[in-house]
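Here's the structure we're looking at; comments come further down.
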Amino acid sequence: MSKKRVVVKVGTNVMTNKDNRILGPILKELVRQISVLYEQDIMVVLVSSGSAIAGREVLGKCDIEDPSTRRQVYSSVGQPRMMRHYYSIFHDYGMRCAQVLATKRDFDPGKYRENMINCYEGLLSQGVIPIANEDDAVSLTMSMFSDNDELASLVAELVGADKLIILTDTDGLYTGHPDDDESEKLDQVTTDQNVEKYVQASEKGEGEGRGGMQSKLKIAKQTALKDIPTYIANGKRPNVIVDIVEGKDVGTEFISSED
């Protein structure tokens with residue numbers, strides 16, 4: 001019997017504070033939960049944002065005018081910094097991790113996709129936790145992922161995941177703004193439900209990530225249609241990943257309306 005597989009996507013807004021600083025305790029809690037699942041023979045693929053913010057912490061304000069080049073520089077500087085964080089924390093839990101950077105081309109049918117499958121399967125077979133991110137240093141603007149939510153969905157399909165968990169800074173999808181008293185969290189959504197009307201527009205600063213709730217909703221439905229139950233949940237909630245895997249009422253679950 002093959003081991004269960006879960007893809008977890010953690011966004012920049014989960015791992016940073018209001019000053020856009022990387023939060024070490026959040027990363028430690030993520031890895032702790034992954035280690036708990038590992039002991040239960042559940043393998044996790046982590047799709048992690050944060051490289052641009054991490055690079056900005058190092059460089060500060062950058063005088064490069066072209067936004068694409070500026071993003072490449074921030075991400076190139078920040079990516080090894082993020083991996084240093086993860087490598088150290090996984091090591092503390094007696095685990096191993098690996099970096100897998102990808103462009104959209106790598107998921108096209110043919111040799112590139114086969115190469116990606118071989119990479120992931122090889123790592124998972126050795127008990128190594130893959131940490132995926134877009135290869136911002138070489139991605140062309142016209143062929144970039146819309147955001148890491150899209151990357152996570154593609155990875156979930158690639159590895160045959162049993163679940164996709166998208167971690168953000170809200171407890172799930174609400175019928176209005178999460179801070180409004182009259183808003184209610186939706187526990188489960190089917191792909192044919194018109195819940196787009198509830199989504200609030202979001203504004204993000206440079207380096208804060210490209211995916212808002214509208215993107216997450218679109219990706220969650222698309223992934224659920226591939227028979228991969230998808231969850232949107234609060235990444236700053238303790239034990240959130242383990243609780244979802246154990247079937248507790250956490251976040252918003254998206255399932256195919258055909259189920």
Side-chain angles (χ1 to χ4, degrees), residues 4-15 30 34 42-51 99-110 112-117 119-121 123-124 129-136 139 142-170 172-173 186 188-193 195-196 199 202 204 209-235 240-241 244-245 250-259:
K4 284 189 175 181
R5 295 175 174 183
V6 176
V7 174
V8 175
K9 184 265 179 176
V10 54
T12 302
N13 51 1
V14 173
M15 62 177 65
L30 283 171
I34 292 171
I42 300 172
M43 292 298 291
V44 173
V45 176
L46 181 62
V47 179
S48 176
S49 303
S51 61
Q99 176 179 263
V100 182
L101 299 178
T103 64
K104 211 163 186 178
R105 179 190 64 178
D106 295 312
F107 291 90
D108 291 340
Y112 290 107
R113 184 180 179 85
E114 291 171 9
N115 191 48
M116 284 287 286
I117 291 172
C119 177
Y120 276 104
E121 292 298 334
L123 291 170
L124 293 170
I129 302 300
I131 301 177
N133 196 6
E134 181 168 12
D135 193 351
D136 287 312
S139 288
M142 71 284 293
S143 61
M144 288 167 55
F145 300 105
S146 59
D147 47 51
N148 269 354
D149 299 323
E150 182 184 16
L151 171 60
S153 178
L154 291 169
V155 170
E157 184 181 14
L158 192 81
V159 303
D162 298 279
K163 286 179 174 60
L164 168 61
I165 300 173
I166 299 174
L167 298 179
T168 184
D169 57 357
T170 61
L173 179 64
L186 300 173
Q188 190 179 77
V189 172
T190 58
T191 51
D192 61 352
Q193 280 183 260
V195 292
E196 284 76 7
V199 176
S202 66
K204 291 176 177 287
R210 302 196 295 270
M213 184 56 76
Q214 190 168 4
S215 164
K216 289 171 176 52
L217 177 54
K218 176 184 175 183
I219 294 298
K221 281 190 169 186
Q222 288 178 352
T223 312
L225 281 170
K226 300 171 186 174
D227 289 325
I228 303 173
T230 301
Y231 301 79
I232 296 176
N234 194 333
V240 60
I241 302 170
I244 289 174
V245 172
V250 177
T252 300
E253 179 188 22
F254 292 77
I255 60 171
S256 173
S257 55
E258 299 173 359
D259 290 349

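Start at 1 with the first residue, then count along the sequence. All values derive from a computational prediction rather than experimental measurement.
With rounding to the nearest 0.5 Å, the separation of CD1 in I244 from CD1 in I232 is 10.5 Å. Atom CD of E157 sits about 11.0 Å away from atom CG of D227, to the nearest 0.5 Å. Taken to the nearest 0.5 Å, the CG atom of N234 stands 7.5 Å off from the OG1 atom of T168. With rounding to the nearest 0.5 angstrom, the CG atom of L217 is 11.0 Å from the OG1 atom of T230. Between the OG1 atom in T103 and the CG atom in L151 there is a gap of 10.0 Å [rounded to 0.5 Å]. Taking CD from Q99 and OG from S48, the interatomic distance works out to 10.0 Å, rounded to the nearest 0.5 Å.
Heavy-atom minimum distance, I219 versus E150: CD1-CA, 3.7 Å. Minimum heavy-atom separation, F107 to R113: O-NH1, 3.3 Å. Minimum heavy-atom separation, A156 to L164: CB-CB, 4.4 Å. Of all heavy-atom pairs between Q188 and Q193, the closest is O-OE1, 3.9 Å. When all heavy atoms of M213 and G172 are compared, the closest pair comes out as CE-O, 3.8 Å. Closest heavy-atom contact between V100 and L123: CG2-CD1, 3.7 Å.
Looking at I166, L173, T223, L225 one by one, the single match for side-chain contact (heavy atoms from CB on, under 4.5 Å) with F254 turns out to be L173.
Side chains of Y120 and V155 form a contact here, defined as non-hydrogen atoms less than 4.5 Å apart. Counting heavy atoms from C-beta outward, V45 and L158 have side chains that stay 4.5 Å or more apart. Within the 4.5 Å cutoff, the side chain of R5 has heavy atoms near those of the D162 side chain. Using a 4.5 Å heavy-atom threshold, the side chains of V10 and L46 count as touching. Between I34 and V8 the shortest side-chain heavy-atom distance does not fall below 4.5 Å. Side-chain atoms of K4 and V6, non-hydrogen and from C-beta on, never get closer than 4.5 Å to each other. No side-chain heavy atom of D106 sits less than 4.5 Å from a side-chain heavy atom of N115. Side chains of S51 and E134 form no contact here, defined as non-hydrogen atoms less than 4.5 Å apart.
The closest donor-acceptor contact from the side chain of T252 to the backbone of L186 lies under 3.5 Å. Side-chain N or O atoms of K9 include none that pairs as donor or acceptor with a backbone N or O of S49 at under 3.5 Å. No donor-acceptor distance shorter than 3.5 angstrom exists from the side chain of D149 to the backbone of A152, with no hydrogens or angles considered.
In this structure, the side-chain hydrogen bond (donor to acceptor under 3.5 Å, both in side chains) partners of D192, at least two apart in sequence or on a different chain, are T190.
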Mind running side-chain hydrogen bond (donor to acceptor under 3.5 Å, both in side chains) on N133 and N148 for me, showing each step along the way?
-> CA-CA 7 Å; N133 196 6; N148 269 354; 3.0 Å; yes
